[in-house]
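Step one of this worksheet: look at the structure below.
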Amino acid sequence: SSCDWSREAYTFDEKRSRAVAEIFTRMYDDGLIYRGYRIVNWCPRCESTLADDEVEYKEEPAKLYYMKYGPFVVATTRPETKLGDTGVAVHPDDERYKSWVGKTVTIDLGIGPQLIKVISDPSVDRNFGTGMVGLTPAHSAVDFKMAEENLLPIRKVIGEDGKMTGLAGKYAGLPVVEAREKFVADLQAKGLIEKIEDIKHSISVCYRCGTVVEPLTSRQWFVDVERPIPGRGKSLKRLAIDAVRKGGIKIVPDRFEKVYFHWMENLRDWCISRQIWFGHRIPVWYCESCYVEEDDTADRAGGAERETKKHQGINVAATRPDKCKDCGRPDLVQDEDTLDTWFSSGTWTFSTLGWPEKTADLKRFHPTQVLETGYDILFFWIARMILMTEYALDQVPFEQVYLHGLVRDEQGRKMSKSLENIIDPLDVSAKYGTDAVRLSLIIGNTAGNDLKLSEEKIGYFRNFTNKLWNISRFIMMTLGEGARAVPAGRPAPKTLADQWILGRLDEVVGSVTADLDKMNFSRAGETLRDFTWSELADWYLEIAKVEKGKEKLLPYLLLQVLKLWHPFMPFVTEEVYRLVFAKDANDMLMVAGWPRAAGKMPAKAKADFAAIQDLVVALRNIRASYKVEPGRKIDALVFAGTKADLFKKHAEIVRGLAKVGELTVAAKGQRPDKAAGAVVGSVQVFVPLGSLVDFAAEKTRLEDELQEAEKYLTSLELKLKNESFVARAPAAVVEAERQKKVAQVEKINKIIEQLEALK
RNA sequence: GGGCGUGUGGCUCAGUUGGUUAGAGCGCUGUCCUCACACGACAGAAGUCAGUGGUUCGAAUCCACUCACGCCCACCA
């Protein structure tokens, strides 16, 4: 896929703003958006509400105060909120308090009498504290809920500024922390604090600024996630759950589906109004003539009907109305609040395609196929997009969600400004190239797992980029001065090496394509890298220096490799394509077709080539262990048995790649004097090195090799002697083990032969 | 309190439905500035797959438990 810049969109441009206002209006008309006075998460620093998932939790040591409370004792971590208590809850079966339930007591915490009703609720833990919970409906979601059920008054003692309100008596105007200290000191002076315990407590903080969040009652706009949508019979919540459960959306890796369901099932009404200026303004206008501010304290919850639909002077519309729907007067004032950014972003997949117009784009491109994002944004954005899209279009927003992990530093820490461990993509792009940065983010990481990134890693991929560049240069050189390659069909293989590299290419095309389909991006990249570097460059290009006549095949291989790499490293591949293949400026790799595997390599070709590789490696090994200078040629004698013809035929390759002067191949023969030797399968290799040969070392090496080989043989024999294995394992597996045994026996015999000759 | 993830050579990570003597890159060791590339070539060393028990002819892979680290969720007052 590529970006279509003609469809560039911005959240706050006219079309997107229109879509946001439109969906708000529709949801309001369907009774899914309402204005209500209830508990919200309030950040005193941002002076705004927060959605439930915008609140983060931190475990911190805290104090649990046991305070005298009229005839009772209650335990609390927030003594100052007790000034807002209007009730107290106990477990229904708690014998200690049973007789009190239903009664109202009057207590005085120092600011005058407070009426406290005793209620019972099964959620109260009898063993925590005194088994009795003071209820502060205005500052605790749980308490608020119980207050609803038991019709307790709401007494708001903490204001939006984070300071105590007028209802807090002499503590009014104090910030909560100061109020707490003073209040506790006052209680202690009066002997009303029974004891103080140290406990661990999780406090809620604002995800944006880290300030402690105050739950408080406030009049805000909410999305009702439980209410059945008119005409559809399902709630938003249900719709969003079914989208994933019924397979319309697949999340990769799938374990996140479980996380998604859990979150959705527990979703409560979503507070969408914010008191910040950056956002879409809420499309609601209040009539200056007939709208009367609701009375907060008299208000009970109760939902959409009571609070908005019936409320006079509230006008909801996608564009500013001329006059009030109730009184017809034109004096309208728009709500000053903005919408939660995720409410707006939730419309993204369809607002970018022109919704609410019935555009051709919408018809053609929606639902989209893949959304790719970090798992930390699953609730914020993905869940909201699903919710909003299901509502607006009765479609899923996308068919697949690919979740990547978070990028961390070398030590696994989150990147952050304060730790100064941020790797700026622009810096490292300039330093190592953009393709190298891309590769370092793709390779070495799997879906949903965090990624440790370091400059060192990026540097490695810079090296690979350079390797690909040099491979291209080499291939260009073989084409001759200034020559350009014409993309053509697949050339027929002329040699075994050709057959092998084309066969390997097919295998690589197959596995890379399959991995991309399965979103195994890292594995696809690794497969490609290993093929490009080890097989194409280290083997085939070296062979091409020996075997000539590859003017067609080399460009073909390069083009296929460029196509396969293009999604991973678009810049370098495109540039090489431009230099080597492009007919004109409009001929671009990024729109080229994806390679397809042409066939399957014959097993014989594969085995033959592997035998040649083994021989070359064995010869190089001897060179290395005797420290023969790279420039110096060695002579070699090979007793190859049935492979003699194969080696004779490809002697040039062996000589070229292993720097052999005279290569003698025979089925078998007599071991030469003063030669270093090696055994590769059933093949014996000798390199006469005259006085250089160290017989003691040769002997030790062969003995070690023999020991190793016998150990393996024993394990094979043991396996084959096991009757259950032979009887129960698939025939093919058993046969494979038998073959291994035969080969191993042969190898051992050759090693013994060589050892004998040394004596 | 609930849920999830990770634990594989010094480091970073792959290992599809259980079946090659467990792979790769970095790093390391040795030789080389060989005419595409020293951001390179060649050769090599290095792992009882966290632990225990189980299932199986066969376990890094499946099951149970344990340990370590990390993350997410939750109205523990």
Side-chain angles (χ1 to χ4, degrees), chain A residues 39 53 57 64 74-78 81 89 123-125 128-130 132-136 140-146 199-202 215 253 255-256 258-259 262-263 266 268 375-376 378-379 406 410 412 432 436 443-446 448-454 456-457 459-478 514-515 518 520 522-523 526-527 529-530 533-534 537-538 541-542 545 617 620-625 627-631 657-659 708-709 711-712 715-716 719 722-730 732-734 736-737 740 744:
Chain A
I39 286 272
D53 50 310
Y57 296 89
L64 185 64
V74 297
T76 180
T77 52
R78 298 283 312 268
T81 64
S123 69
V124 176
D125 179 354
F128 189 92
T130 57
M132 180 171 255
V133 192
L135 297 178
T136 323
S140 153
V142 210
D143 297 3
F144 184 82
K145 195 166 160 260
M146 289 190 220
I199 58 160
K200 263 203 182 156
H201 183 61
S202 96
R255 65 183 135 92
F256 280 98
K258 210 168 156 185
V259 179
H262 183 259
W263 187 82
N266 291 293
R268 294 182 295 171
Y375 63 72
D376 56 332
L378 180 64
F379 307 138
L406 271 31
E410 289 156 89
Y432 301 97
I443 296 179
N445 175 246
T446 42
N449 290 324
D450 291 353
L451 167 84
K452 284 182 194 166
L453 187 64
S454 61
E456 200 191 357
K457 190 173 171 188
Y460 164 70
F461 286 106
R462 181 269 319 266
N463 295 356
F464 175 72
T465 312
N466 186 246
K467 184 75 188 182
L468 184 64
W469 178 256
N470 279 302
I471 288 170
S472 309
R473 279 208 325 171
F474 175 77
I475 292 179
M476 275 188 266
M477 272 177 45
T478 65
D515 277 336
K518 284 183 278 184
N520 289 331
S522 177
R523 207 146 57 124
E526 282 177 73
T527 303
R529 180 196 53 197
D530 294 347
W533 203 319
S534 309
D538 291 343
L541 294 190
E542 291 306 316
K545 290 174 184 171
V617 170
R620 283 170 172 172
N621 193 342
I622 291 172
R623 296 184 65 106
S625 53
K627 301 199 191 311
V628 179
E629 306 90 85
L657 268 57
K659 294 257 161 33
E708 187 107 342
K711 214 169 89 189
Y712 182 41
S715 80
L716 289 169
K719 212 177 203 178
N722 184 341
E723 282 167 30
S724 320
F725 170 71
V726 179
R728 299 192 194 202
V733 173
V734 178
E737 297 300 304
K740 283 184 214 161
Q744 201 59 17

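In what follows, chains carry the letters A, B, and so on, assigned in the order in which the sequence lines appear, proteins first and then strands, with residues in each chain numbered from 1.
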When the [atom1] atoms of [M] and [N] are compared, how many Å lie between them, rounded to an integer?
N: B/A60; M: B/U48; atom1: C1'; answer: 12 Å
N: B/A22; M: B/A50; atom1: P; answer: 15 Å
N: B/U6; M: B/C13; atom1: P; answer: 12 Å
N: B/A24; M: B/G15; atom1: C1'; answer: 10 Å
N: B/C65; M: B/G3; atom1: P; answer: 11 Å
N: B/U8; M: B/G54; atom1: P; answer: 25 Å
N: B/A41; M: B/U34; atom1: P; answer: 13 Å
N: B/U21; M: B/G30; atom1: C1'; answer: 25 Å

Hey, does [X] reach any base, or is it just sugar-phosphate, or nothing, if we go heavy atoms under 4.0 Å?
X: A/A89; result: nothing
X: A/A729; result: base
X: A/V74; result: nothing
X: A/E542; result: base
X: A/R529; result: sugar-phosphate
X: A/N449; result: sugar-phosphate
X: A/G444; result: sugar-phosphate
X: A/P215; result: nothing

Could you state the [atom1]-[atom2] distance from [X] to [N], rounded to the nearest angstrom?
X: A/W533; N: B/C26; atom1: CH2; atom2: C1'; result: 11 Å
X: A/L451; N: B/U12; atom1: CG; atom2: P; result: 12 Å
X: A/K452; N: B/G70; atom1: NZ; atom2: C1'; result: 10 Å
X: A/E737; N: B/G58; atom1: CD; atom2: C1'; result: 10 Å
X: A/Y432; N: B/C39; atom1: OH; atom2: P; result: 13 Å
X: A/N520; N: B/C13; atom1: CG; atom2: P; result: 17 Å
X: A/Y460; N: B/C13; atom1: OH; atom2: P; result: 16 Å
X: A/R462; N: B/G40; atom1: CZ; atom2: C1'; result: 12 Å

Inset, instruction - Please determine if A/K740 forms a cation-pi arrangement with A/Y712, meaning its NZ or CZ atom is less than 6.0 Å from the six-membered ring centre and no more than 45° off the ring axis. - result: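 Geometry flag: not set, cation outside 6.0 Å or 45°.
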
Inset, instruction - Provide the Watson-Crick or G-U wobble partner of B/U21, both distances under 3.5 Å; none if there is no partner. - result: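 Its partner is none (no Watson-Crick or G-U wobble pair with both distances under 3.5 Å).
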
If you go through the side-chain atoms of [X], does one of them form a donor-acceptor pair with the base of [N] closer than 3.5 Å?
X: A/R523; N: B/U16; answer: yes
X: A/K467; N: B/A41; answer: no
X: A/R620; N: B/C42; answer: no

Inset, instruction - Please test A/E542 against A/K545 for salt bridge (Lys or Arg N to Asp or Glu O under 4.0 Å), starting from the C-alpha separation and ending with a verdict. - result: CA-CA 5 Å; A/E542 291 306 316; A/K545 290 174 184 171; 3.1 Å; yes

Inset, instruction - Look at atom NZ of A/K145 and say whether more than 12 heavy atoms of other residues, nucleotides or ligands are closer to it than 6.0 Å. - result: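 Atom NZ in A/K145 is not packed in, count stays at 12 or less.
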
Legend entry - Pairwise side-chain contact, A/F128 with A/V133, heavy-atom cut-off 4.5 Å (strictly under):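 When only atoms from C-beta onward are counted, A/V133 and A/F128 do not touch, as no gap falls below 4.5 Å.
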
Inset, instruction - Find out whether A/V628 and A/I622 are in side-chain contact, i.e. whether some heavy atom of one side chain is under 4.5 Å from a heavy atom of the other. - result: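 No, every pair of side-chain atoms sits at 4.5 Å or beyond.
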
Legend entry - Donor on one side chain, acceptor on other, A/D450 and A/Y375, under 3.5 Å: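 Note: A/D450 and A/Y375 side chains meet the donor-acceptor criterion.
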
Inset, instruction - Describe, in one word, how the ring planes of A/F464 and A/W533 are oriented to each other, choosing from parallel (under 30°), tilted (30 to 60°) and perpendicular (over 60°). - result: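 Taking A/W533 first and then A/F464, their aromatic rings sit tilted (interplane angle of 30° to 60°).
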
